[in-house]
Amino acid sequence: MTTAAPQRRPIGVTAKVIAILEAFTGVPPGDGGLTLTEICRRAGLPLATGHRLVGELTTGGFLERSADGAYRIGLRLWRIATRTPVAAGLRELALPHMEDLYAATQENVQLAVLREGRALYIERLRGPRSVPIVTRVGAELPLHATGVGKVLLAFADPARQEEIIAAGLPAHTAHTITDPDRLRTELAEVRRQGYALTREEMTLGSCSVAAPVRDGRCRVIAAISLVARSGATDPRRLAPTVLTAARALSRDIATAWPDIP
């Protein structure tokens with residue numbers, strides 16, 4: 001489980017609540033959550049204070065408690081986050097293209113943006129035939145091990161790109177790229193060919209292809225991907241379909257948001 005050093009104790013109630021929510025930063029959705037003790041250590045709070053505030057957040061739906069006693073971010077917080085103007089607008093524009101992708105492939109379709117050095121998933125479509133994956137709306141996953149993440153990292157500012165690489169490339173499977181030079185070579189290939197591929201780098205049994213979504217100034221602001229079963233299909237064969245959807249969405253964004261900052 002991901003650990004974090006204790007922080008300085010927050011003073012006000014609002015600061016304490018923020019510290020509790022920020023304690024979940026970097027915790028993968030499949031990691032099992034955090035215990036109350038871990039939350040308090042990360043947030044720099046006494047156990048009694050943390051117990052009271054975590055209880056109130058759980059009652060309000062901002063946190064969820066599983067049968068094993070671990071806490072996770074609740075659906076109510078995800079819903080609030082995805083209603084921000086940019087996220088809601090991007091999801092609204094993307095959904096028709098995502099639905100077309102799903103109808104054509106019956107595979108997982110995902111939309112993500114770059115947030116604090118990770119890929120934040122703001123929409124996902126899946127069906128009964130789709131391969132099981134760890135992502136969900138509101139999840140944050142590492143850039144180097146996911147298709148959308150590689151796209152977002154490849155087109156990020158070079159200084160930011162190096163900062164993220166220098167922070168470490170942990171292995172999530174035996175196939176995860178953990179060598180910085182190898183990752184830089186792959187990111188250059190993503191920029192050259194216009195799409196990214198993964199093969200069992202985040203989850204065993206799955207592969208993905210992702211393409212950049214651009215605004216009217218040709219800046220990459222998001223990434224869209226298909227995730228399929230490894231061995232059942234060659235992700236390169238899905239690339240033209242994903243690229244077509246990404247370009248169509250990019251045109252819609254340029255039309256809808258001509259003055260996006």
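Throughout, numbering of the chain's residues begins at 1 and tracks the sequence.
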Measuring from atom [atom1] of [X] to atom [atom2] of [Y], what distance do you get when rounded to the nearest 0.5 angstrom?
{"X": "H144", "Y": "L153", "atom1": "NE2", "atom2": "CG", "value": "10.0 Å"}
{"X": "T49", "Y": "K16", "atom1": "OG1", "atom2": "NZ", "value": "5.0 Å"}
{"X": "F24", "Y": "L21", "atom1": "CZ", "atom2": "CG", "value": "7.5 Å"}
{"X": "I20", "Y": "R42", "atom1": "CD1", "atom2": "CZ", "value": "13.0 Å"}
{"X": "L45", "Y": "C40", "atom1": "CG", "atom2": "SG", "value": "6.0 Å"}
{"X": "Q161", "Y": "I164", "atom1": "CD", "atom2": "CD1", "value": "8.0 Å"}

Specify the closest pair of heavy atoms between [X] and [Y], including all atoms of both residues, with the distance to one decimal.
{"X": "L204", "Y": "E200", "result": "C-OE2, 4.0 Å"}
{"X": "V148", "Y": "A210", "result": "N-CB, 3.5 Å"}
{"X": "T146", "Y": "L141", "result": "CG2-CB, 4.0 Å"}
{"X": "A248", "Y": "H97", "result": "CB-CE1, 3.5 Å"}
{"X": "P170", "Y": "T176", "result": "O-CG2, 3.6 Å"}
{"X": "R229", "Y": "C207", "result": "O-SG, 3.8 Å"}

| message | As a quick check of understanding, evaluate side chain to side chain contact (heavy atoms under 4.5 Å, CB included) for T173 and M202, giving each step before the final call. | response | CA-CA 6 Å; T173 74; M202 185 70 216; 5.9 Å; no

Heavy-atom side-chain contact between [X] and [Y] under 4.5 Å:
{"X": "W257", "Y": "D215", "answer": "no"}
{"X": "I177", "Y": "L169", "answer": "no"}
{"X": "L125", "Y": "L101", "answer": "no"}

| Geometric cation-pi criterion, R214 with F155: 6.0 Å, 45° |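 Output yes; distance and angle both within limits.
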
| request: Any pair with a residue in residues 239-251 that passes side-chain hydrogen bond (donor to acceptor under 3.5 Å, both in side chains), sequence neighbours left out, goes on the list, sorted by first then second residue, please. | output: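 Every candidate side-chain hydrogen bond (donor to acceptor under 3.5 Å, both in side chains) pair involving residues 239-251 fails, so no pair, neighbours aside, qualifies.
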
| Looking at residues at least two apart in the chain, or sitting in another chain, which of them share a side chain to side chain contact (heavy atoms under 4.5 Å, CB included) with L197? |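 Checked L197 against side chain to side chain contact (heavy atoms under 4.5 Å, CB included); matches are Y195, R199, V209, P235, R236.
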
Is [X] linked to [Y] within one hydrophobic cluster, defined over Ile, Leu, Val, Met, Phe, Trp and Tyr using a side-chain heavy-atom separation of less than 4.5 Å?
{"X": "L114", "Y": "Y121", "value": "no"}
{"X": "I18", "Y": "L53", "value": "no"}
{"X": "L120", "Y": "V109", "value": "yes"}
{"X": "V213", "Y": "V151", "value": "no"}
{"X": "V227", "Y": "V190", "value": "no"}

| Thinking salt bridges, do E64 and R72 make one under a 4.0 Å N-O criterion? |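 Judged by the 4.0 Å cut-off on N to carboxylate O distance, E64 and R72 do not form a salt bridge.
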
| Taking it one step at a time, do L226 and Y102 satisfy side chain to side chain contact (heavy atoms under 4.5 Å, CB included)? | CA-CA 8 Å; L226 282 176; Y102 176 75; over 6 Å; no

| field | Positive for side chain to side chain donor-acceptor pair (under 3.5 Å) with S225, one of R124, E107, Q110 | value | Q110

| Does a donor on one side chain sit under 3.5 Å from an acceptor on the other, for T198 and S208? |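 There is such a pair between these side chains.
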
Salt bridge (Lys or Arg N to Asp or Glu O under 4.0 Å) against [X], all qualifying residues, sequence neighbours excluded:
{"X": "R191", "result": "none"}
{"X": "E201", "result": "K150"}
{"X": "R184", "result": "E162, D181"}
{"X": "E99", "result": "none"}

Can any side-chain N or O of [X] pair as donor or acceptor with the backbone N or O of [Y] at less than 3.5 Å?
{"X": "R91", "Y": "I122", "value": "yes"}
{"X": "E38", "Y": "T35", "value": "yes"}
{"X": "E186", "Y": "R182", "value": "no"}

| field | Criterion side chain to side chain contact (heavy atoms under 4.5 Å, CB included) on I253 and L90, from CA distance to verdict | value | CA-CA 8 Å; I253 291 171; L90 183 55; 3.6 Å; yes

| query | Does NE2 in H51 sit with more than 12 non-hydrogen atoms of other residues, nucleotides or ligands closer than 6.0 Å? | reply | no

| request: Go through I221 and V113 one step at a time and tell me if the side chain to side chain contact (heavy atoms under 4.5 Å, CB included) criterion holds. | output: CA-CA 7 Å; I221 62 170; V113 296; over 6 Å; no

